[in-house]
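Chain naming here is simple, since letters A, B, ... match the order of the sequence lines and numbering starts at 1 in each. These figures come from a predicted structure and were not determined experimentally.
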Number of protein chains: 4
Amino acid sequence: MESEEMVEENLRDIYDNISPIDYRYWRKEVGWYLSENGFTRYKLEVEASLANAVHRRGMCGLDILKEIEKACEQVTTAEVYIEEGKTKHDIRALVNCIQKRVSERARSVVHFTATSFDIVETANAARYRDVTMEVLLPSLIKLEEVLIILAKREAETLQIGRTHGQHAVPITFGFAIAEYVSRLGESILFLRRRANELVGKFSGASGAYNASSLFFSDPEIFEREVLSELRIKPGEYSTQIVMPEKLVRFFIEMILIGGILANLSRDMRNLQRTEIGEVGELFEENQVGSSTMPQKRNPINFENVESVWKILVGRVITLLLDQISEHQRDLTNSASARTLGEVIGYLVSITERLTKTMKKLQVDKVNLERNFNLQKGLIVAEPLYLILAALGHPDAHEKVRTLTLQSQKEHKNLEEIAMADPELKVYLSRMDSLQKRIISNPSEYVGIAPKKAMKVASNWNRKINSLKRKMAKAKK
Amino acid sequence: MESEEMVEENLRDIYDNISPIDYRYWRKEVGWYLSENGFTRYKLEVEASLANAVHRRGMCGLDILKEIEKACEQVTTAEVYIEEGKTKHDIRALVNCIQKRVSERARSVVHFTATSFDIVETANAARYRDVTMEVLLPSLIKLEEVLIILAKREAETLQIGRTHGQHAVPITFGFAIAEYVSRLGESILFLRRRANELVGKFSGASGAYNASSLFFSDPEIFEREVLSELRIKPGEYSTQIVMPEKLVRFFIEMILIGGILANLSRDMRNLQRTEIGEVGELFEENQVGSSTMPQKRNPINFENVESVWKILVGRVITLLLDQISEHQRDLTNSASARTLGEVIGYLVSITERLTKTMKKLQVDKVNLERNFNLQKGLIVAEPLYLILAALGHPDAHEKVRTLTLQSQKEHKNLEEIAMADPELKVYLSRMDSLQKRIISNPSEYVGIAPKKAMKVASNWNRKINSLKRKMAKAKK
Amino acid sequence: MESEEMVEENLRDIYDNISPIDYRYWRKEVGWYLSENGFTRYKLEVEASLANAVHRRGMCGLDILKEIEKACEQVTTAEVYIEEGKTKHDIRALVNCIQKRVSERARSVVHFTATSFDIVETANAARYRDVTMEVLLPSLIKLEEVLIILAKREAETLQIGRTHGQHAVPITFGFAIAEYVSRLGESILFLRRRANELVGKFSGASGAYNASSLFFSDPEIFEREVLSELRIKPGEYSTQIVMPEKLVRFFIEMILIGGILANLSRDMRNLQRTEIGEVGELFEENQVGSSTMPQKRNPINFENVESVWKILVGRVITLLLDQISEHQRDLTNSASARTLGEVIGYLVSITERLTKTMKKLQVDKVNLERNFNLQKGLIVAEPLYLILAALGHPDAHEKVRTLTLQSQKEHKNLEEIAMADPELKVYLSRMDSLQKRIISNPSEYVGIAPKKAMKVASNWNRKINSLKRKMAKAKK
Amino acid sequence: MESEEMVEENLRDIYDNISPIDYRYWRKEVGWYLSENGFTRYKLEVEASLANAVHRRGMCGLDILKEIEKACEQVTTAEVYIEEGKTKHDIRALVNCIQKRVSERARSVVHFTATSFDIVETANAARYRDVTMEVLLPSLIKLEEVLIILAKREAETLQIGRTHGQHAVPITFGFAIAEYVSRLGESILFLRRRANELVGKFSGASGAYNASSLFFSDPEIFEREVLSELRIKPGEYSTQIVMPEKLVRFFIEMILIGGILANLSRDMRNLQRTEIGEVGELFEENQVGSSTMPQKRNPINFENVESVWKILVGRVITLLLDQISEHQRDLTNSASARTLGEVIGYLVSITERLTKTMKKLQVDKVNLERNFNLQKGLIVAEPLYLILAALGHPDAHEKVRTLTLQSQKEHKNLEEIAMADPELKVYLSRMDSLQKRIISNPSEYVGIAPKKAMKVASNWNRKINSLKRKMAKAKK
């Protein structure tokens, strides 16, 4: 009952929260790992794991181990915070809370030879790895699969390629999507590797195993034993804390993924412009675009993804500043390290949002074709110049550049103007059939776009399937 | 009863939150303005204010105004979120919730000619300004007052000045603190100015007053009327949103203040090093320094301040990226703008923490003196060189540099060595009495440190008092 | 001759430089202040100014002052660097170079009671202020004037307003430009204020005037005297360095200006998209858009501005990190502070580039009109809903939202559909003549856009003229 | 002669440069790759490589290839810039300069089917990889070797471990250095991997091989042929540009290395504080510490490293912003991408500086011992608590915490107080000989610090040697 009251005291209307991650983008399966309660659970798991290792070394009986394990299942964050109010030290408070629940004999086994950050660092490595494997990667894989399907489905859908926001040479819409299949796919594999590289530690207050050496002649092996239950390995070296680079690389890979999602969203958002209209977010029956302009269909999901990316970019600074810790550690990351979980929470949020949006993406083939034909004549400027050059024209680029100016001035088709040009006659007559076809029909000038779209999509289909099998196996 | 259930549904254990601002650094008086509930309250206030302005123009009766005002007092965030689930548009949801509570006749007055961001921007300007005036500035002023007292109290307390972490020339501890009195004081005044410059808007969907022009021949004056109830002014120009620079400057001044607090904390933390020991955070009777090293007295509060500053520094990036909004606005700040309140929340948290810590700061005069005397002989190198130069020695700096090397090699006092140097005899005999005193007693070589400490402290005492009077008056 | 050789040794092909600021965006009038040679010149000016102050105090004769002034005119950066090779201290090297050129009597006056950063900080404040007044502000003012003219000229040019990249409600192109007139104008005034607030110092090694107190009973007044020749004031407090916030605010205002320029460029770049084509960078006769696509007309100048802004955004981090300096200073800004000049150099570069580009901006009225009419029917959704609501329709927003869906489905004009709707008959018949006109002619639904464009432009025309007068006066 | 004049025109006094990378930290072997001249050289190499591939396909004769190769050896940056003045397009200018030097027949082979960024991206990948392999990695390896030697040499040198800047438990100085051996070693291997992953492209204006498909049925194989001469591979997918993530990861690893160097420098700088004095930068005979305080020995090299790191941290933002490029590319990285070379230049500069400084690092054993003994009694608090707990004391941590307070109050040795405590007698009598030894001699409480220092150092000695063999082989 007491604990129930305590719990009640800690209840708060979610809309009294300040961070949007806690009132708007919060998700239960993310909170399970990344909330303070999740953190406590992992820290208690490390403490239990330590007791287990001590027991396996024959230094305490099974009854004592059971006592501690049971206590570690019962301690709540709320009571730890109350205890911290007295000790002003969060891990000492946690240890006290365990010790209060066990027999006098068991007490000395709790936290045996550990320093706070043996617990904290190991718990963090485990929960960051777990949330990545259980929530983030599955989400990213789903998005990747949606993109693979889209790239295949639209592999042949003609689209004008754009550089500098200007029409360039033809591609297909599936080819454009394949870009993100390739980038996201690669980053998924990188992220998994980075997650698996995360390390814990059990090397004591300065990293020299001072405490554990008092009782074990092989403290580095004992460290492995403590960590093994959480399937975490120690780093090659630690001070009071683990070396920061692995964690930084792990989080930066997430921020890079945020960038890939934002780039895709930027592209879609631009393709959804009123004048372009090649794609659209599906609008639900009752959805309102504007509080005052009832006709609006705004790309709010794509905008949200880009907005969250702007949050993530800033976080890289905090990560890089926390890379520096004085001597065997300082604690100037006490608050900042607590915000790392937000990076994961935000990334999960936009991954799922983008998955939903891309799944229902409306591709408007009428507009794709209309836009493609906007400057029809000019698209062939590149092949025309290349063919002329190959056929021996000494100054083909400059010649064609002049013709395009003429085409724009006279509002005439570039092909027509070229064909009428006396200087070019001798070259153009030598064109082979493919070349002729392309000059008069720019939609053929698509390079290997359809093939490449299929190739990239198939490649990642295979890789993602293999990854899913690996992950399923690892879970067992 | 229904609403009670709804509220219950939105209750969550605070330790299930992900952001430390919501489980560890949250404070009720900050949440009042900066939580989602606070935001809703302000948005409803703007809607009520609009109805009021419409009423004053004689376009609706008092009964209708009362209906709307009452509705605006009743609508809850939770119900708006449920409505948003249908409309997918947050402000349309808010408007619907108000409209549901009023008569058919009143409905058309609600949100009259407004666009969503007329409400959002004005609400934000008002609540950011209010939390600054009501919570943040009073906190900062308290810290400033603690520093003023400390600077005065320790104005004469001799301390060795340090540059590059090396002993330089003498100062006093109060002089060192006066640095922060001056920097923080100036930033307090800047911050207040920046808060008062924040603007709202009521210029419609593109900023051209399209909607309000339909009904008012003086839409810019109508805008002032709507905003006046919240004591907010419109900017010179707006699109769908207010121009971003004022808000960016306002938040960047806060981040600068974070930097000042972090710099002070860095200094204190270094002065608390075991080998230096000139200051110390007061340790409570039951406080634990380390979970394993019972003797530790760690500067955790100073470390926390620096850590939060590392959070704040990253936020400047998000601010600068949100400065860009395409055409009459894009919504790529939909999520990122929601994180701005955290900046204020974090700053309040470290301001109060630092105030408490500095208030109880322990200044160790024994260690101050011990450190001062560590290199006693060498401190006089600077005055010795200057006096020699003034007395005509052609190469005084180089001469004294050589003497200091000799002093270190022979472990002899620099004064002694100088006095024994035959080359210097002729110059040193010409020293006046002040100069002689300083060469043999470096603690006299303190410049105007005590006077300056008092001067700066008194100056800010006066300014802060004047500021407090102004703020008290503004409140009435 | 010796010095000529030395100079030759320091010559380098500019294309051997690594930073684009030195091979691509370098400009002589910027380098004059911000190069290492410029820095040396300012430091020597401070040293001369010090000698002058000593002379005015009667502590050295005019001959000695003249000697030092002459030396300060002759010393070159190259010789200081050679000397620094020996001393490993840049300012001691500078002082040695001066001293070598003067008589034995004058030597002791050189650098009298100064610490290195008395010279460095004062020189920096002066040169940053000067380059702002002489180069950057005049450039910004020119851009502002180009924008003012454009806003006026296009005040009546109808354009569709865009939010979320979607057509919203009508504005005029001059109104859109007025946004930047207003934002840039305000920032110009802020920047000038920030430049005038920059402070120097002459308070010695720890800021307590230890050295100067040995010889002057009023060292703070002596400080003012030294600084006065450079028209620089001391701050209220300094340590070995000036308090950083003023400099940070000064540079951040520049980065904000970079953001304004980038936002304008982003807008123009988007309006230049092939499908939109409302504006265009003027292309010169021989200009090449692409090495392979001769038809391309790329917005390379607008892209360049945004790219430089991405450089500037990163610099804010270095600024904020340098805000922290331990105790009476550490030197962990030795390299980073040297990069600040680049911020100014880059800003000047994009200001001039944008000025040129905007001056010759091609506004395509045909495309403006075509785009305006793209969704003609739908633009009136907002006024229709507002008028219906004002005329008593109980659920106008929802009603109109449904009509727009119908309009899109049936490809019919929204006005037509509304007029045919039996439910709406009763309301629409009550419309006044203005309302009727707007519903059938959306180009009238432009609010006060033309008037506002003129108002903002005129306001800033006046302010900029007044500013120019002030600056001209200050120069005399 | 003409070209000589032109070269002369482009000579500039290095001190007229604005960026410190060009007047202060510039190094010839870095400029060779990263200057504009270096860039031109690499771009010409790609053009020559293209001609080669065309020749191997039998599409041009050897004489034409030779013509083009010769031209590519002759074209200078200066002439390209003059040509760019006309074309306003940098790569078209480069191509024109080549074409001017070759016969009419050869002209059409130059730049055959290439788009500008086929050349630019490939050139960048090659030069960034080369400067890493030839300059940066060798520098980093030298630093790593200096650290390995130091870690071994000082493996047994007792030092007090420090956490929170407070004395914690004993380590050795070699153990502290081993931290950086491990961190830097790992990052060296990562950086090499990232450098080898850099990709080029030859896929044309939109990445779909539109142009090359006109002439080759296997354009992806032709791409590999063009790139193979520079030992560069294409990525899986490209648009007009290569996908950005590989480059971002490559540069971020460098910034992480900057962080490791800065952390080491911060530690050394703090250990060099006057009160600590455990290490010192070697001061040269004539070196000056301060322009006014002749006794100063400032850690300017360590400060410089940290300062440059603050430059590098900001650059991560530019990298992340350039990750986004619209559609098949926009050019909003036109200026920002040009600054990337600076990151490498700065990193080389601080690596060499730190190598020199650490090589001559003075380790002061007298001060190490003095500091170790400062709190002698208290160091044993941790082992005392652990032993008591292991021997069955039910509340050992709290008990020892109280004893330490007593020890500080009474200025008595902690061991003495513990031994005299009646409550502890029963436990302490049960201590084994190792435990007794440690309680009375804290210098024995060093864990496995010496062994770990040796192990880490030896491990990296082996890895670095193997890496050097690999790199030497790759060079052949």
Side-chain angles (χ1 to χ4, degrees), chain A residues 104 107-108 113 161-165 168-169 171 175 178-179 182-183 186-187 204-206 208-211 213-215 219 236-237 239-240 243 245 248 252 256 259 262-263 266-267 270 313 316 320 323-324 326-331 382-383 386 389-390 392 394 445-449 452 456, chain D residues 104 107-108 113 161-165 168-169 171 175 178-179 182-183 186-187 204-206 208-211 213-215 219 236-237 239-240 243 245 248 252 256 259 262-263 266-267 270 313 316 320 323-324 326-331 382-383 386 389-390 392 394 445-449 452 456:
Chain A
E104 204 166 275
R107 261 181 230 167
S108 66
T113 74
R162 289 170 175 94
T163 55
H164 311 261
V169 295
I171 56 168
F175 174 82
E179 172 182 345
S182 177
R183 291 170 71 182
E186 187 190 76
S187 264
S206 70
Y209 305 83
N210 308 56
S213 289
L214 282 175
F215 303 96
E236 180 194 35
Y237 180 99
T239 57
Q240 186 167 100
M243 299 302 90
E245 282 76 24
V248 177
I252 284 183
L256 287 187
N263 201 157
R266 175 85 71 92
D267 280 359
N270 274 321
V313 169
V316 77
L320 291 181
Q323 199 191 346
I324 290 189
E326 295 178 0
H327 309 301
Q328 282 63 55
R329 89 79 48 90
D330 63 53
L331 196 66
E382 179 178 282
L386 288 165
Y445 190 55
V446 77
I448 62 168
K452 186 88 175 188
V456 168
Chain D
E104 206 166 272
R107 262 182 228 165
S108 65
T113 75
R162 290 170 174 92
T163 57
H164 311 261
V169 296
I171 56 168
F175 174 81
E179 172 182 345
S182 176
R183 291 170 71 182
E186 187 190 75
S187 264
S206 70
Y209 304 82
N210 308 55
S213 291
L214 283 175
F215 304 95
E236 181 194 35
Y237 179 100
T239 56
Q240 186 167 101
M243 299 299 90
E245 283 76 25
V248 178
I252 284 183
L256 287 187
N263 201 157
R266 175 87 70 91
D267 280 358
N270 274 320
V313 169
V316 78
L320 291 180
Q323 200 191 344
I324 289 189
E326 296 178 0
H327 311 300
Q328 282 62 55
R329 88 78 50 91
D330 64 51
L331 196 67
E382 179 179 283
L386 288 166
Y445 189 55
V446 76
I448 62 167
K452 186 88 176 189
V456 169

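Using a 4.5 Å cut-off between heavy atoms, Val456(A) contacts chain D through both its backbone and its side chain. Interface remark: Arg329(A) contributes backbone and side-chain atoms alike to the contact with chain D (heavy atom separation under 4.5 Å). Interface residue Leu256(A): backbone and side-chain heavy atoms are both found under 4.5 Å from chain D.
Side-chain polar atoms of Glu236(A) and Ser182(D) form a donor-acceptor pair below 3.5 angstrom.
Gly447(A) approaches Ser213(D) most closely through the heavy-atom pair CA-OG, 3.7 Å. The minimum heavy-atom distance linking Asn263(A) with Gln323(D) is given by the pair OD1-O, 3.3 Å. Annotation for Ile324(D) and Gly259(A): closest pair CG1-O, 4.0 Å, computed over non-hydrogen atoms. Listed here is the closest heavy atom pair of Ser108(A) and Ala389(D): CB-O, 3.0 Å. Considering all non-hydrogen atoms of both residues, Lys452(A) and Tyr237(D) come closest at CE-CA, 4.2 Å. Between Ser206(A) and Phe175(D), the shortest heavy-atom distance links the atoms O-CE2, 3.4 Å.
The candidate from Glu186(A), Glu179(A), Met243(A) with the greatest count of non-hydrogen atom pairs under 4.5 Å with chain D is Glu179(A). Counting heavy-atom pairs closer than 4.5 Å to chain A, the top residue among Gly204(D), Ser187(D), Gly392(D), Pro219(D) is Ser187(D). Taking Val313(D), Leu320(D), Ile448(D) one by one and counting their heavy-atom pairs under 4.5 Å with chain A, the maximum is reached by Ile448(D).
With Asn210(D) contributing its side chain and Tyr445(A) its backbone, the two residues share a donor-acceptor pair below 3.5 Å.
Residues His164(A) and Leu331(D) form a side-chain contact, since some pair of their non-hydrogen atoms from C-beta on lies under 4.5 Å apart.
Taken to the nearest 0.5 Å, the CD atom of Glu382(D) stands 9.0 Å off from the OG1 atom of Thr113(A). Atom CD1 of Ile171(D) is separated from atom CD of Gln328(A) by 3.5 Å, given to the nearest 0.5 angstrom. Here Ile252(A) contributes atom CD1 and Ile252(D) contributes atom CD1; the two are 4.5 Å apart, rounded to the nearest 0.5 Å.
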Take Arg162(A) and Glu326(D) through the test salt bridge (Lys or Arg N to Asp or Glu O under 4.0 Å) and record every step on the way to the result. CA-CA 8 Å; Arg162(A) 289 170 175 94; Glu326(D) 296 178 0; over 6 Å; no
Give the C-alpha distance, both sets of side-chain angles, the deciding distance and a yes or no for side-chain contact (heavy atoms from CB on, under 4.5 Å) between Thr163(D) and His327(A). CA-CA 7 Å; Thr163(D) 57; His327(A) 309 301; over 6 Å; no
